[in-house]
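These notes concern the structure reproduced below.
Chain A is the first sequence line, chain B the second, and so forth, proteins listed ahead of strands; every chain is numbered from 1.
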There are 2 protein chains.
Amino acid sequence: MTAYLGDLEQLILLALLRLGPAAYGVAIAEQLADRAGRETSLGAVYKTLTRLEQKGYVRATMGDPTPERGGRRKRYYQLTPAGRKTLGASLDAIRRLSAGLGRLIPEES
Amino acid sequence: MTAYLGDLEQLILLALLRLGPAAYGVAIAEQLADRAGRETSLGAVYKTLTRLEQKGYVRATMGDPTPERGGRRKRYYQLTPAGRKTLGASLDAIRRLSAGLGRLIPEES
DNA sequence: TCGTATTTCTACGACAAAGGCGAATATTAT
DNA sequence: ATAATATTCGCCTTTGTCGTAGAAATACGA
């Protein structure tokens with residue numbers, strides 16, 4: 001019954017933390033591209049968000065219309081406690097496997 | 001043409017680094033379970049190793065028979081330069097998204 | 001002010017890739 | 001032969017991908 005996060009799910013949950021209250025679909029996709037170098041389509045992001053919501057790792061609230069040119073209302077996301085916990089477990093698995101590897105562990109220059 | 005690693009692929013590549021020359025299927029699965037808390041079947045591990053090999057991220061060499069009770073010969077794996085590079089990119093994406101989050105970032109106690 | 005264009009954001013649908021698991025198979029020693 | 005250890009196979013579920021369609025908001029000209 002212990003479920004694991006896919007790699008995109010992981011990155012999106014991190015992006016959520018980073019963006020805080022400004023986390024909605026488009027901003028998340030930009031964050032992934034700009035900060036993480038992970039190019040992905042909006043479709044992939046939205047689908048993953050929906051899945052995360054169904055799993056209870058994330059919850060959404062509708063934003064108000066903004067005074068900008070066009071645009072539908074934004075759907076803002078934030079982590080639930082369950083999401084936090086699962087993300088923590090996921091990151092910890094990586095941390096524990098990486099620990100003590102020293103310069104064996106590859107870095108992007 | 002830029003391909004991304006799945007989460008299990010990531011963990012397995014890390015386990016490879018950690019195990020060094022002793023990295024073969026069963027040992028890798030144990031490492032995942034014991035160190036990372038990632039319970040998975042041997043089938044999943046082997047399938048992933050095969051995929052990683054096809055992608056050129058890993059290469060395999062057959063070991064000699066051991067003086068133990070029974071058992072087929074082991075197939076040892078190690079990272080290729082391409083594998084190192086891709087793993088590095090993958091870990092970096094996480095690092096960059098995590099950076100500066102302070103105590104926002106969840107930890108397993 | 002009505003209607004249409006334009007912009008921004010989200011949802012859908014069909015498919016590809018990755019992960020999961022149990023059972024089957026191979027190889028080695030006793 | 002039997003038992004032990006390691007790997008492969010087949011089938012299925014879950015995730016990821018992408019293009020396209022749809023919805024909701026503003027701007028603007030008639």
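When each of dT15(D), dC9(C), dG19(C) is scored by its nearest atom to the side-chain atoms of Thr48(B), the top-ranked nucleotide is dG19(C). Of the listed nucleotides (dT17(D), dC9(C), dC21(C)), dT17(D) has the atom at the smallest distance from the side chain of Ala44(A). When distances are taken from the side chain of Tyr24(B) to each of dA18(C), dT17(D), dA6(D), the shortest belongs to dA6(D).
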For this session: Begin from the C-alpha positions of Gln78(B) and Tyr76(B) and carry the test side-chain contact (heavy atoms from CB on, under 4.5 Å) through to its verdict.
Result: CA-CA 7 Å; Gln78(B) 55 184 326; Tyr76(B) 292 104; over 6 Å; no

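Per the geometry, CG belonging to Leu5(A) stands 15 Å off C1' belonging to dA18(C), to the nearest Å. Straight-line distance from the CG atom of Leu42(A) to the C1' atom of dT7(C): 14 Å, rounded to whole Å. Nucleotide dG19(C) holds its C1' atom 15 Å from the CD atom of Glu39(B), rounded to whole Å. As a whole-Å value, the separation of Ile12(B) CD1 from dA18(C) P is 13 Å. Rounded to whole Å, the distance from CG on Asp7(B) to P on dA17(C) is 17 Å. Spacing between atom OH of Tyr4(A) and atom P of dG16(D) amounts to 16 Å, rounded to whole angstrom units. Atom pair Leu8(A):CG and dA16(C):C1' shows a separation of 15 Å (rounding to whole Å applied). Put simply, NZ on Lys55(B) is 10 Å from P on dA17(C), counting in whole angstrom units.
Of the possible polar contacts, none joining the Tyr57(B) side chain to the Arg51(B) backbone as a donor-acceptor pair under 3.5 Å is found.
Between Ala93(B) and Ala36(A) the shortest heavy-atom distance is CB-O, 3.5 Å.
Annotation: side chain of Glu9(A) is not in contact with side chain of Tyr4(A) (no heavy-atom distance under 4.5 Å). Looking only at side-chain heavy atoms (C-beta outward), Arg38(A) and Asp7(A) come within less than 4.5 Å of each other.
A sub-4.0 Å separation between OP1 or OP2 of dT17(D) and a side-chain N or O of Thr40(A) is present. Taking only side-chain nitrogens and oxygens, Lys47(A) never comes nearer than 4.0 Å to OP1 or OP2 of dT14(D).
Comparing Gly43(A) and Gln10(B) by the nucleotide of DNA chain C whose heavy atom lies nearest to each, the residue mapping closer to the 5' end is Gly43(A).
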Anything under 3.5 Å between a donor and an acceptor, one on a side chain of residues 10-27 of chain B, the other on a protein residue two or more places apart or in another chain? List them.
| unit_1 | atom_1 | unit_2 | atom_2 | d |
| --- | --- | --- | --- | --- |
| Gln10(B) | NE2 | Ser90(B) | OG | 2.3 |
| Arg18(B) | NE | Leu97(A) | O | 3.0 |
| Arg18(B) | NH2 | Leu97(A) | O | 3.0 |
| Arg18(B) | NH2 | Ala99(A) | O | 2.2 |

Problem set entry | Where protein sits on nucleotides 24-30 of chain C, one letter per nucleotide: B base, S sugar-phosphate only, - none, heavy atoms under 4.0 Å | -BBBBBS

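Scored by the salt bridge (charged side-chain N to carboxylate O under 4.0 Å, His left out) test, Glu53(B) finds Arg75(B) as partners (sequence neighbours excluded).
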